Amino acid sequence: DAKTTQPPSMDCAEGRAANLPCNHSTISGNEYVYWYRQIHSQGPQYIIHGLKNNETNEMASLIITEDRKSSTLILPHATLRDTAVYYCIVSRRNAGNMLTFGGGTRLMVKP
Amino acid sequence: DAGVIQSPRHEVTEMGQEVTLRCKPISGHNSLFWYRQTMMRGLELLIYFNNNVPIDDSGMPEDRFSAKMPNASFSTLKIQPSEPRDSAVYFCASSRRTDGDGYTFGSGTRLTVV
């Protein structure tokens with residue numbers, strides 16, 4: 001019953017942009033796309049979220065396709081500290097809706 | 001703000017013993033979540049509180065698990081009796097119900113039942 005599909009792992013060279021894809025073809029009109037990451041042994045950390053427009057904050061950019069069936073999280077200049085598991089989640093906002101985590105993408109940033 | 005505070009950070013206990021995990025959410029956050037993480041099953045939502053009231057406990061694995069939130073600043077997750085298969089990292093997270101900007105997770109409690 002997965003709502004999102006992500007590649008299990010990706011590599012990225014340090015200093016280069018990391019582009020993490022996510023498919024969410026069954027997303028509903030009132031569901032947002034959320035991204036979290038989990039660095040080894042730590043709790044998940046919120047990164048960014050969006051509905052249909054592209055979003056950018058100090059951590060990352062989120063690009064959502066026009067049909068909203070997929071999105072890409074962009075880390076513009078990946079560092080070794082960005083090595084983590086990245087989770088893409090769809091959920092309704094302002095509803096207290098529970099976040100359901102899938103397997104995520106294990107990003108390895110290499111020197 | 002000190003963030004979501006969980007205690008203890010590590011707990012080692014013998015099978016059959018009672019285990020109590022504790023969580024202090026961020027002040028002003030009215031939703032609280034308990035998650036469990038294992039290598040095999042990933043991150044699983046156990047129970048969710050809103051304004052101190054349990055809303056959904058469908059993720060609680062069995063009757064040995066119970067959770068309470070006696071006030072807005074404190075929650076416990078109890079396992080009685082504990083079993084080796086309960087060994088996992090337990091995370092607590094909190095959020096403002098009307099805040100769509102995400103949850104804040106604690107650092108977790110690593111539980112080992114021997």
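What you see is a predicted model, and the numbers here were worked out from it, not measured in a lab. Per chain, numbering begins at 1; letters A, B, ... match sequence-line order.
- Proximity to chain A involves both the backbone and the side chain of B/Leu43, based on heavy atoms less than 4.5 angstrom apart.
- A heavy-atom distance below 4.5 Å is found between the side chains of B/Phe65 and B/Asp86.
- Note: B/Asp56 leads B/Asp56, B/Val89, B/Thr104 in heavy-atom pairs under 4.5 Å with chain A.
- Contact annotation: the side chain of A/Leu20 approaches that of A/Met10 to within less than 4.5 Å [non-hydrogen atoms, C-beta and beyond].
- Using a 4.5 Å cut-off between heavy atoms, B/Gln37 touches chain A through its side chain atoms alone.
- Counted by atom type alone, A/Ser28 and A/Asn30 present zero donor-acceptor pairs between their side chains at under 3.5 Å.
- Relative ring orientation between B/Phe105 and B/Phe91 is described as perpendicular, the plane-to-plane angle rising above 60° on a 0-90° scale split at 30° and 60°.
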